[in-house]
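Below, each value reflects all heavy atoms present in this structure, side chains not excepted, and no hydrogens, waters or symmetry copies. All values reported here derive from a predicted model rather than from experimental measurement.
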Amino acid sequence: MRCVTDTPLDTPATIPAPEWRVTAGLTPYADALAAMEARVEAIAAGTATEQIWLLEHPPVYTAGTSADPAELVSPRFPVVPAGRGGRYTYHGPGQRVGYLMLDLGKRGRDVRCFVHGVEGWVIAALATLGIEAFRAPGRVGIWTHDRDGREAKVGAIGVRVRRWVTLHGFAINVAPDLSHFGGIVPCGLPDFPVTSLAALGNPTPLETVDHALALTLPGFLQTLSCGQQNET
């Protein structure tokens with residue numbers, strides 16, 4: 001497993017930019033979870049900088065704090081408690097996972113603002129790739145229309161906040177095996193399909209998705225200032 005750390009990106013105001021980390025290959029979910037939790041503890045203690053970590057996992061089902069065992073239809077892959085909000089989701093090759101370890105104590109103590117901002121960031125990044133994505137009222141995540149015109153989920157969001165530092169983040173379906181989602185009821189929404197950039201006819205290398213995320217990152221960080229405004 002190789003880790004590549006790029007130069008931190010510019011961010012607004014005086015808050016130092018988060019470390020931008022991209023890990024090649026497949027990172028076991030348990031390893032990533034342990035590394036993320038250690039980093040969050042260090043950020044909360046003031047001994048580490050914020051980090052945005054992009055990676056892929058081997059096939060795994062993760063269970064959020066609201067996971068319903070009845071929605072685990074066919075556990076063909078390991079099932080790991082994630083500690084994040086939400087229900088069951090799938091991670092696997094061809095999916096770009098982004099873990100966001102950001103200090104809301106500095107950026108604004110507003111979890112709703114943070115989740116809304118993550119949604120907006122991914123939507124903006126996908127727009128640069130020619131994918132029209134949107135929010136859906138009452139359904140957290142990133143949505144688009146599939147080739148049959150149905151609303152379909154192209155990205156999932158699940159977060160946790162500990163001592164005002166964020167954990168977990170988002171997953172964009174770039175080119176995963178969509179049949180792997182059949183082992184669960186993704187995010188507890190049986191009436192909506194899951195899609196991917198590849199299934200939408202837009203095959204895109206992960207590196208290109210990463211570039212789109214980096215391009216739209218400053219706008220996302222700027223939106224977090226709404227939390228600071230809410231504190232005043």
Side-chain angles (χ1 to χ4, degrees), residues 1 22-37 53-100 115 118-119 121-123 125-126 131 133 135-136 139-148 150-160 167-200 202-206 209-210 213:
M1 181 174 67
V22 182
T23 298
L26 301 179
T27 303
Y29 186 79
D31 292 353
L33 189 61
M36 176 171 51
E37 291 184 341
W53 186 13
L54 304 181
L55 68 163
E56 286 179 278
H57 292 304
V60 63
Y61 296 128
T62 69
T65 53
S66 301
D68 181 348
E71 295 171 354
L72 185 60
V73 179
S74 175
R76 66 190 81 166
F77 303 118
V79 181
V80 181
R84 55 161 174 78
R87 298 165 95 155
Y88 286 108
T89 193
Y90 164 78
H91 292 315
Q95 188 184 67
R96 176 49 87 213
V97 175
Y99 290 135
L100 314 179
V115 173
V118 175
E119 290 176 331
W121 177 24
V122 176
I123 289 169
L126 292 178
I131 299 294
R135 298 179 180 91
R139 288 182 262 132
V140 175
I142 311 302
W143 299 83
T144 190
H145 289 103
D146 66 14
R147 289 185 164 185
D148 295 322
R150 301 171 299 178
E151 287 191 8
K153 197 165 193 176
V154 71
I157 293 176
V159 302
R160 182 178 181 183
L167 300 91
H168 303 280
F170 64 81
I172 302 172
N173 298 330
V174 181
D177 185 337
L178 293 179
S179 71
H180 290 176
F181 286 89
I184 57 172
V185 178
C187 302
L189 297 171
D191 298 328
F192 296 93
V194 175
T195 191
S196 67
L197 273 62
L200 294 169
N202 192 335
T204 307
L206 286 177
V209 174
D210 295 347
L213 289 166

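At least one donor-acceptor pair under 3.5 Å links the side chain of Arg96 to the backbone N or O of Leu55. The backbone N or O of Gly141 lies less than 3.5 Å from a partner atom in the side chain of Glu119, making a donor-acceptor pair. In this structure, the side chain of His57 engages the main chain of Thr27 through a donor-acceptor pair within 3.5 Å. Although no hydrogens or angles enter the test, the distance criterion places a donor-acceptor pair under 3.5 Å between the side chain of Asp68 and the main chain of Ala70. Remark: side-chain polar atoms of Arg139 are not paired, donor with acceptor, to backbone N or O of Lys153 under 3.5 angstrom. At distances below 3.5 Å, at least one donor-acceptor pair connects side-chain atoms of Thr204 with backbone N or O atoms of Asn202.
In terms of heavy atoms, Ala175 sits closest to Ala198 at CB-CB, 3.9 Å. Contact record, Ala133 with Ile142: CB-CG2, 3.7 Å, taken as the closest heavy-atom pair. Considering every non-hydrogen atom in both Val185 and Pro190, the closest pair reads CG1-N, 3.6 Å. Here the closest non-hydrogen pair linking Pro78 and Pro59 is CD-O, 3.8 Å. Taking all atoms of both residues into account, the shortest heavy-atom contact from Trp143 to Ala136 is CD1-CB, 3.7 Å. Taking both residues in full, the closest heavy atoms of Val80 and Val60 are given as CG2-CG2, 3.8 Å, listed atom of the first, atom of the second, then distance.
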Discussion item. Applying side chain to side chain contact (heavy atoms under 4.5 Å, CB included) to Tyr99 and His168, what does each step give before you reach the verdict?
Written reply: CA-CA 5 Å; Tyr99 290 135; His168 303 280; 4.3 Å; yes
Worksheet item: When you look at Leu100 and Val159, which way does the side chain to side chain contact (heavy atoms under 4.5 Å, CB included) test go after all the steps?
Response: CA-CA 9 Å; Leu100 314 179; Val159 302; over 6 Å; no
Discussion item. For a side chain to side chain contact (heavy atoms under 4.5 Å, CB included) check, start with the C-alpha distance between Leu197 and Ile172, then their side-chain angles and the critical distance, and finish with the verdict.
Written reply: CA-CA 9 Å; Leu197 273 62; Ile172 302 172; 4.2 Å; yes
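With values rounded to the nearest 0.5 angstrom, Leu126 atom CG is found 9.5 Å from Leu200 atom CG. In this structure, CG on Asn173 lies 4.0 Å from CZ on Phe181, to the nearest 0.5 angstrom. With rounding to the nearest 0.5 Å, the separation of CD in Glu37 from CG in Leu167 is 6.5 Å.
Looking only at side-chain heavy atoms (C-beta outward), Val73 and Ile184 stay at 4.5 Å or farther from each other. Residues His145 and Arg150 are not in side-chain contact: their nearest non-hydrogen atoms beyond the backbone lie 4.5 Å or more apart.
Outside the 6.0 Å centre-distance limit, the rings of Tyr88 and Tyr61 are not counted as a close aromatic pair.
Using a 30° and 60° split on the angle between ring planes, Phe77 and Tyr90 fall in the tilted class, from 30° to 60°.
Each of Ile123, Val174, Val122, Thr144 was evaluated against Val154; a single residue qualifies, Thr144, per the side chain to side chain contact (heavy atoms under 4.5 Å, CB included) test.
For the residue pair Thr65 / Arg160, no side-chain donor-acceptor distance below 3.5 Å is found, with atom types taken as modelled.
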